[in-house]
Structure formats: C-alpha cells, structure tokens
Amino acid sequence: MAALSPPHGSPIFLRSRHIAGRSASCNLRLVGRQVSALHAQIYWERDGWFVRDLGSRNGTWVNGRQLDQGGTAPLKLGAAIGFGRSEPVWKLMDVDPPQPFAIAADRVEVGSFGVLALPDEDAPTAMIYQSGGGWILQSEETSPASDMQTVDVDGVTWQLQLPEEVPATLRQNDVPRLDDIEMRFAVSLDEEYVASSLHSHGWSSDLGARAHYHTLLHLARARLEDQGNADLPESARGWVYADQLGRDLGFSEGKVNLHIFKARRQLEALGVAEAARVVERRPQTQQLRLGLTQIEIVRG
C-alpha cells in the first residue's frame with residue numbers, strides 16, 4: 001500500500017485522496033509559514049499516483065522541480081515531494097493502489113485486495129469489505145461502513161480509512177463474477193484433504209488445498225442439501241448458524257472468521273468481482289451460507 005516517508009519519523013499510509021496543508025481538515029498536517037492551509041493533494045487515478053498543487057502560495061515541488069500553481073505531476077516510486085520549498089522532502093516509498101486501513105491509538109492495520117480484518121488477519125473479529133458499490137462491516141452484526149467511521153473491536157477503538165473503491169487495476173477482464181462461477185471441491189475419503197477449484201465457461205482456477213476449505217465445504221453441503229428441497233425458496237437455502245458451524249467443525253468462532261477472511265481474500269486476489277459474497281451472513285441472526293449456487297463435491 002502506498003506510503004509517504006517524512007523527513008523524520010514513521011511513514012504514513014495514503015488515502016485514495018490525501019490533502020496536505022496546515023488546516024485541521026487536512027489528512028497530512030504540516031507546519032511552517034511556507035505551507036498553505038490547503039497546499040496540495042496526492043491522489044490515485046486510473047493506474048497511478050499523482051500530486052496536484054492546490055494554488056499554494058509557495059509552491060509544490062517534485063524531485064526538485066516546482067510545479068506550476070495548480071499544476072499536476074505523476075509520482076513514481078521514490079518521488080521526493082516538497083511543500084512550500086524544495087527541502088525537506090517527503091518520499092513516496094510504495095506505489096501500490098489504495099487499500100482500506102484502520103487506525104487505533106498505537107497501531108495501524110492495513111487491508112489487502114479490498115478486505116480489512118480487525119484487530120488483525122490472524123484472528124479477525126470484524127471484517128470490512130466492498131459489496132454493491134459500498135463498504136460493509138461484519139462483526140456480531142452486519143451493517144454499512146463509511147470512511148472515517150469509528151468502530152470498537154475487542155475493546156479497541158479504530159477509525160476506518162476507506163477508499164472510494166478498490167481500484168479496477170486489481171480486476172482482470174477475463175475473470176468472471178462470483179454468480180457465474182462453479183466451485184468444485186475434491187475431498188479425500190478421510191476428509192483430511194480438501195482442495196478447491198473454480199470454473200466458468202472455459203475459465204478455471206485451481207486453488208489447491210487449504211485449511212479454510214473445510215469451512216467452505218461444510219457450507220457447500222448445507223447449500224446442496226437445501227437445493228434438493230423444491231419447497232424451500234432460494235433465499236432460505238444453505239443457512240447455518242455460526243456457532244453451530246464452529247461446533248460441527250470443532251473450531252472456535254475466531255477460527256471460523258479467519259477461514260472466511262482467507263476465502264474472501266483469496267478470491268479477491270484472483271480478481272473475482274463481488275468476492276466478499278463467497279460467504280454471506282444474515283444480519284441479526286449470525287447465520288452463514290456459501291454465496292455460490294453452483295457447487296460440486298467429489299470424494300476419493
């Protein structure tokens with residue numbers, strides 16, 4: 001994830017649109033008489049980072065060159081940016097696309113592929129992901145999430161920093177949407193080995209064997225069982241209570257959440273649109289189900 005290294009101190013992560021200046025409303029607060037209240041904007045557009053001078057009095061500098069007032073320049077890895085003068089400079093240390101992240105009193109947690117796990121990805125209690133053009137917060141309940149929102153997770157208060165959208169450069173044009181994919185499971189007779197693959201109209205991806213497929217397999221079986229009941233509407237098929245799922249698998253709730261997080265991140269990394277819906281959760285009831293309707297399980 002993109003980060004700026006200051007002249008002194010720790011790097012800061014960049015929002016998709018990051019305002020620098022003296023004003024209290026700025027994302028990057030600067031001091032010094034040479035800095036304007038709203039001095040410059042660093043932002044992501046299409047497939048790269050840019051800096052735009054906001055009509056500052058003393059100018060914005062990139063690699064020792066002063067921009068025109070109101071001018072824009074692309075930023076490459078290692079770019080040196082000066083605010084109000086050419087020195088000292090802030091250096092762009094990473095040029096990855098913007099990602100969701102959250103700030104607590106003494107730490108920052110950064111998401112990947114559009115999914116943010118809190119308090120961390122090793123033991124997620126809450127997950128934030130994109131769905132339907134907006135952000136979703138899933139913890140004990142499922143609700144919309146918004147940029148700059150504060151949330152309490154395991155007694156720690158976090159402020160969410162959510163980009164406008166996960167950049168399209170993370171998507172691949174030939175990768176189908178979740179609703180068009182069939183998920184196939186290959187399961188050993190003793191069920192110690194579970195592998196998975198995705199298929200859709202000539203496109204396929206072998207996902208290999210992963211521990212979190214045990215959770216997906218259990219949900220897949222519940223979905224297939226209910227799909228055999230013609231009297232049960234599709235909206236009611238495949239739901240399993242999260243605590244019962246954990247008991248059936250011998251997993252803690254934290255481990256179930258971790259498996260869900262890993263499944264979502266894996267599909268996001270492939271570029272599958274709406275990958276966060278690979279596991280759906282009902283608000284209020286804490287029920288889960290596999291988000292795909294096309295499923296095949298092969299034993300042997």
Side-chain angles (χ1 to χ4, degrees), residues 113-115 117 124 127 129-132 136 138 142 171-251 253 255-283 285-300:
F113 302 107
V115 181
M127 286 177 282
Y129 58 89
Q130 276 194 305
S131 180
I136 299 296
Q138 180 181 301
T142 300
R171 308 294 187 193
Q172 302 176 32
N173 292 333
D174 61 338
V175 177
R177 300 181 64 83
L178 188 72
D179 292 338
D180 299 323
I181 288 175
E182 178 187 61
M183 178 171 278
R184 298 177 187 171
F185 294 91
V187 187
S188 63
L189 293 177
D190 60 6
E191 302 215 352
E192 290 295 319
Y193 174 91
V194 180
S196 181
S197 59
L198 305 178
H199 305 267
S200 177
H201 306 293
W203 175 91
S204 65
S205 180
D206 185 355
L207 304 180
R210 299 286 189 276
H212 61 265
Y213 296 154
H214 288 274
T215 295
L216 298 189
L217 176 64
H218 194 91
L219 294 174
R221 284 173 168 157
R223 185 108 194 197
L224 286 174
E225 181 178 353
D226 284 352
Q227 284 177 186
N229 184 350
D231 296 328
L232 196 64
E234 195 284 327
S235 61
R237 295 173 180 171
W239 294 103
V240 177
Y241 283 97
D243 57 353
Q244 185 62 53
L245 174 64
R247 287 195 294 270
D248 290 344
L249 293 170
F251 295 161
E253 183 178 351
K255 190 169 184 177
V256 170
N257 286 338
L258 177 61
H259 283 186
I260 294 171
F261 168 75
K262 287 184 174 180
R264 286 171 171 163
R265 188 174 63 176
Q266 187 176 27
L267 267 64
E268 284 280 359
L270 286 174
V272 175
E274 295 290 315
R277 290 196 299 104
V278 65
V279 176
E280 299 174 332
R281 187 184 295 262
R282 270 181 169 168
T285 66
Q286 292 301 295
Q287 288 176 293
L288 306 171
R289 75 170 177 179
L290 193 68
L292 301 98
T293 58
Q294 303 177 69
I295 306 162
E296 182 180 2
I297 300 175
V298 179
R299 293 177 61 87

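Only heavy atoms go into these numbers, but all of them, side chains included; no hydrogens, no water, no symmetry mates. If you're wondering where the values come from, they're calculated on a predicted model, not measured in any experiment.
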Pair F251 + H259: ring centers closer than 6.0 Å = yes

Hey, could you give me each pair passing ring pair (Phe, Tyr, Trp, His ring centres under 6.0 Å) that has a residue in residues 224-248? Not counting sequence neighbours.
-> none

Quick one: CG on D206 to CG on L198, what's the gap to the nearest 0.5 Å?
-> 9.0 Å

Steps toward salt bridge (Lys or Arg N to Asp or Glu O under 4.0 Å) verdict (E280, R277) = CA-CA 5 Å; E280 299 174 332; R277 290 196 299 104; 3.6 Å; yes

Checking side chain to side chain contact (heavy atoms under 4.5 Å, CB included) for the pair S196/R210: CA distance, chi angles, key distance, verdict?
-> CA-CA 8 Å; S196 181; R210 299 286 189 276; over 6 Å; no

Answer with yes or no whether the side chains of E296 and H199 bring together a donor and an acceptor at under 3.5 Å.
-> no

Inspect the surroundings of CD in Q244 and state if more than 12 heavy atoms from other residues, nucleotides or ligands are less than 6.0 Å away.
-> yes

Is the backbone N or O of E274 less than 3.5 Å from a side-chain atom of R177, with the two atoms forming a donor-acceptor pair by type?
-> no

Do Q138 and R264 come close enough that some side-chain heavy atom pair is under 4.5 Å?
-> yes

Is there a side-chain contact between R289 and R282 (heavy atoms, below 4.5 Å)?
-> no

Would you find a donor on one side and an acceptor on the other, under 3.5 Å apart, between the side chain of R223 and the backbone of T293?
-> no

Under 6.0 Å from the CD atom of E225, do we count more than 12 heavy atoms belonging to anything else shown?
-> no

Return the minimal non-hydrogen interatomic distance between R281 and L288, and the atom names on each side.
-> CZ-CD2, 3.5 Å

Residues D180, W203; criterion side chain to side chain contact (heavy atoms under 4.5 Å, CB included); working and verdict | CA-CA 11 Å; D180 299 323; W203 175 91; over 6 Å; no

Flag side-chain contact, heavy atom, 4.5 Å: L216 against V194 = no

V278 and M183: which non-hydrogen atoms are nearest, and at how many Å?
-> CG2-CE, 4.4 Å

